[in-house]
Structures are given as C-alpha cells and as structure tokens.
Engineer: 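Structure provided below as structure tokens; questions to follow.
Please read all numbers here as calculations on a predicted model, not as lab measurements. Excluded from the calculations below are hydrogen atoms, water molecules and symmetry mates; all remaining heavy atoms, backbone and side chain alike, are included.
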Amino acid sequence: IVKGRYIIKDFNTLEDAAEGMKVLLNSNKDKSGDVQLSIYQDSKTKKYFIGRKGAGGYTRLIDDIETLKDARRIFKEQQAQLQEMWQSLKVKPEERRKTNRNRVGVDYRKGKNVSPEEFTKSFGFRGVQFGNWVNNKERQDAINEAYDALMDLANAIGVPTQAISLGGELGLAFGARGSGKANAHYESGQVVINLTKTRGAGSLAHEWWHALDSYFSRKRGEKYGFLTQNPRQGVMVENNKVVPDERIRSEMAGAFKNVVDAIKKSGLKKRSLELDKTKSKVYWSDIIEMSARSFESFIIEKLGANNESNDYLANFKELGEWVNINFSENSYPYPTKDESPEINEAFQQFFDAIETKTDQNGVTLLYEPIKSIKEYEQDETAKAFGTAEEKQ
C-alpha cells in the first residue's frame with residue numbers, strides 16, 4: 001500500500017493487501033474528524049504549547065509546558081482530549097438571528113403584490129432567477145420582500161432605485177444557484193447575488209455591498225477583484241508615460257480608502273481574527289467581508305434614524321445577543337457602538353461622493369471622471385444633467 005512516493009505497508013499476497021487496505025480505510029474513517037495538531041515553542045517565554053496555526057494566528061490548546069519532553073508526552077497521551085478541545089472551538093458562529101422581525105417602513109406596494117415586470121422596471125436587474133423548488137407563493141413572497149428591501153436600501157444610501165442594479169449589470173437569484181452553508185453569496189464572475197431559499201433573508205445588504213465593491217473593481221480592469229482589497233488610486237502607462245489611473249473617479253477611490261481605513265482603525269480586525277484562528281483560510285478578518293458586515297451596520301442605523309427597520313435587508317445579532325450564546329465580546333464580528341460613529345461617517349461620505357448618470361441603459365453609477373467641459377458637453381448623458389456649468 002503506497003501513499004504518494006512512500007510505501008506504507010507491504011504484503012505477501014494480493015488477498016492480504018486487499019484485506020490490509022480495508023483495515024486502513026476503516027481506520028482512516030474513524031479519524032476523519034481529527035485535525036493535525038502540533039507542538040510549538042513560544043519565542044518569548046521559550047516554553048512550549050500544543051495547538052494549531054490557523055488563518056488568524058495560533059490557537060493554543062495546552063500552554064506553558066516547561067520542556068519539549070513533557071510536551072511530547074502530553075501530545076501522545078492526551079491526543080483524544082486535544083482533538084475534543086479543538087472540535088469544541090470549531091462551532092460555527094451564527095451571526096444572524098434565526099427569524100426576521102416584521103418590517104417597519106414606508107408601504108411602497110400599497111399592500112399589493114409586485115409583479116415580476118414591475119420589479120424589473122423598478123430596479124433594472126438584467127435578470128431575476130428562481131430555483132425549480134421555489135413554489136409560486138414563495139416566489140411572490142420573495143419578490144415582495146426583496147422589493148421593499150431594495151427600496152429601503154436605495155432611500156437609505158440616497159441613490160435612484162434603478163442604480164441598485166449597477167447599470168443593469170447585476171442579476172438576482174432566489175435559491176437558484178447551488179446550495180451550501182452560506183445564507184447568501186455574490187458571484188463576481190457572473191455578477192449575480194444569490195439568496196438561499198431557507199436562509200437568504202437578512203443578507204441582502206451584505207451581498208449588495210460585495211456587488212458594489214466588485215463593480216468599481218471591474219471598472220478598473222479587475223474582473224474578479226474587489227476595490228476594498230486595494231482602494232488606493234494607482235498609476236498606469238499611457239503613451240509611454242506614467243499617469244494617474246483614472247479609470248475610476250479619484251473621489252470614489254478615496255471614498256473606498258476612507259471606509260477601509262476607518263474599519264482597520266477600529267477593533268473589528270482584532271476581534272475577527274479570533275474567529276479565523278480555527279479556519280485554514282482568512283474569512284472573518286478579510287477586509288472584503290469586514291466592509292460588508294460594517295455596511296450592514298450602517299444600513300441598520302440609517303433606517304433606525306427614521307424609526308424604520310428591515311431584517312430582510314440586514315439582520316445580525318447585537319453584542320449582547322452574541323455574548324448570550326456563549327461567544328466572547330472579543331470575537332464580535334460587527335462594529336461596536338463605540339466604533340460605529342466613525343465607520344458610519346466614512347460610509348456616509350462614500351455615498352455622498354456617489355454620482356449617477358442616465359442613458360439608454362437606465363441609471364448607472366458614474367465611475368469615470370469627466371476630463372473637460374468640452375468632452376462633457378459632447379457626452380450623450382449631458383442632457384440628463386443640463387449644461388456643464390449647471391452641473392458644476
């Protein structure tokens with residue numbers, strides 16, 4: 001029996017080898033939940049600890065072991081207990097409430113159902129898709145709730161409703177694009193938001209921020225990226241000269257940077273790293289995800305300022321609720337009340353910098369700078385604004 005380049009065990013007959021393979025496979029099945037732990041030495045204290053290195057740093061299961069000999073003995077004798085300790089730390093945090101509270105806000109629909117045609121006309125999505133197992137009533141409920149949520153979103157951030165579809169580039173799907181553990185997801189390659197049938201509600205604002213983040217990244221020539229990963233305005237070579245990269249407006253690049261800086265200055269990064277300690281890849285502490293969760297918090301506050309709320313749009317546990325389910329304050333994955341004012345102000349300045357244009361494709365977020373009055377007046381969208389002087 002071989003594994004890679006190494007012989008694990010050899011046998012005299014094929015029958016014995018086959019039986020040996022069965023034993024090995026059954027043994028591996030029993031260990032399928034085990035994780036590879038290791039012994040490390042603390043560079044400061046010179047003592048040893050047993051644990052595992054994850055995306056957010058080292059998780060120490062047993063710490064302050066005096067000698068390497070003792071560490072090895074504990075590692076061998078207490079392997080079952082160590083595995084149990086590790087598994088207890090890997091409980092997936094549920095950051096959202098299980099149920100949504102009733103929406104409080106303007107009755108945009110006047111108590112009526114929204115037709116697919118009206119939904120499309122209002123927001124300009126390039127397409128709306130439903131999974132085969134979403135029945136007609138569930139489809140109608142999803143459209144109604146999504147309609148109210150997107151209207152609330154547009155009003156909260158101060159953009160025309162048709163701008164929500166990012167110039168008709170964005171698609172929306174309800175339980176139609178695979179399954180998984182996530183409540184919802186955004187596909188940058190297909191430019192579509194998918195809300196799962198059973199757990200999608202509460203994640204719409206989060207995923208829409210991902211779509212917006214991706215939109216500005218695409219306009220900078222990065223098809224699969226997100227602008228929050230690198231919000232600085234760079235340079236490019238044009239006619240053999242190094243010039244500022246103005247594929248997106250400098251105001252928007254600066255607005256993204258201000259949001260990112262405000263988040264990184266807060267304690268959110270440190271707390272998110274705690275949740276990443278048991279993960280092999282960074283997730284919670286990734287700026288893409290931290291900015292989306294911070295945007296949820298911003299939206300909830302904006303609605304709350306008008307005594308409105310919409311859990312379908314954004315729904316997450318407050319700090320007290322998080323702690324009550326046996327999680328620590330040190331791992332809370334959203335801005336705290338002390339951190340929110342500065343982060344929310346950065347978001348407000350971000351949306352103050354947003355401009356839109358209207359053309360044959362509908363309403364689009366303006367991403368390119370207008371270089372001169374002459375160029376502006378020649379632009380087909382000028383009629384939507386008036387003269388360049390009026391615009392200025």
Side-chain angles (χ1 to χ4, degrees), residues 55-56 153-154 156-159 163-164 166-167 169-170 186 188 191 205-238 241-273 276 282-302 314 333-357 364-371:
L153 176 62
I157 63 178
V159 302
I164 292 295
L166 309 177
E169 295 183 20
L170 183 61
Y186 168 72
S188 58
V191 194
H206 182 108
E207 301 307 328
W208 186 83
W209 173 262
H210 283 328
L212 183 69
D213 195 358
S214 169
Y215 171 82
F216 281 99
S217 179
R218 288 198 308 279
K219 301 311 176 185
R220 198 167 65 174
E222 300 158 357
K223 184 177 180 181
Y224 299 104
F226 295 86
L227 204 69
T228 47
Q229 293 174 302
N230 181 21
R232 297 179 182 276
Q233 189 173 33
V235 295
M236 58 190 299
V237 177
E238 194 174 86
K241 291 182 180 180
V242 177
V243 297
D245 185 350
E246 292 190 333
R247 285 176 292 181
I248 64 169
R249 297 164 52 222
S250 60
E251 296 92 339
M252 290 315 307
F256 268 104
K257 185 177 183 302
N258 289 341
V259 167
V260 168
D261 288 348
I263 292 170
K264 288 184 174 179
K265 280 171 58 180
S266 73
L268 181 57
K269 172 84 171 183
K270 184 177 181 181
R271 296 195 302 275
S272 298
L273 283 168
D276 272 338
V282 168
Y283 172 75
W284 295 95
S285 58
D286 189 330
I287 188 57
I288 299 172
E289 295 301 329
M290 289 194 298
S291 65
R293 296 198 304 275
S294 297
F295 178 67
E296 293 178 58
S297 180
F298 168 72
I299 289 298
I300 287 175
E301 181 170 293
K302 288 288 288 184
Y334 286 87
T336 63
K337 288 184 179 179
D338 291 337
E339 296 164 346
S340 290
E342 187 171 353
I343 294 175
N344 288 347
E345 178 59 27
F347 274 112
Q348 186 58 57
Q349 292 176 5
F350 177 95
F351 288 104
D352 287 344
I354 288 278
E355 292 185 9
T356 60
K357 68 178 182 179
T364 307
L365 299 183
L366 185 63
Y367 59 90
E368 292 176 306
I370 300 297
K371 295 183 179 180

Engineer: Do you see a donor-acceptor pair shorter than 3.5 Å between the side chains of Q348 and D352?
Structural biologist: yes
Engineer: Report yes or no: does S294 contribute a side-chain atom to a donor-acceptor pair with the main-chain N or O of M290 at less than 3.5 Å?
Structural biologist: yes
Engineer: In the structure I gave you, are the side-chain heavy atoms of V191 and R218 within less than 4.5 Å of one another anywhere?
Structural biologist: yes
Engineer: Using 30° and 60° as the class boundaries, would you call the ring planes of F351 and F347 parallel, tilted or perpendicular?
Structural biologist: parallel
Engineer: To the closest 0.5 Å, what do you measure between NZ (K264) and OG (S285)?
Structural biologist: 11.0 Å
Engineer: Please list, chain by chain and in numerical order, all residues satisfying side chain to side chain donor-acceptor pair (under 3.5 Å) with N258, sequence neighbours excluded.
Structural biologist: none
Engineer: Work out which heavy atom in I343 is nearest to a heavy atom in A262; give both atom names and the distance.
Structural biologist: CG1-O, 3.9 Å
Engineer: Judged by modelled atom types alone, do S272 and R293 share a side-chain donor-acceptor pair under 3.5 Å?
Structural biologist: yes
Engineer: Show the nearest heavy-atom pair for residues A353 and M252, with the distance to one decimal.
Structural biologist: O-SD, 3.6 Å
Engineer: Can you find a heavy atom in the side chain of K269 that is under 4.5 Å from one in the side chain of I263?
Structural biologist: no
Engineer: Please give me the minimum heavy-atom distance between E301 and S340, naming the atom from each residue.
Structural biologist: OE1-CB, 4.5 Å
Engineer: Sort out for me which residue in F350, Y186, F298 forms a ring pair (Phe, Tyr, Trp, His ring centres under 6.0 Å) with W209.
Structural biologist: F350
Engineer: Please name the pair of heavy atoms, one in L166 and one in A211, separated by the smallest distance, quoted to 0.1 Å.
Structural biologist: CD1-O, 3.6 Å
Engineer: Shortest non-hydrogen contact from L153 to I299?
Structural biologist: CD1-CD1, 3.7 Å
Engineer: Verify, without hydrogens or angle tests, whether R271 (side chain) and Y334 (backbone) share a donor-acceptor contact under 3.5 angstrom.
Structural biologist: yes
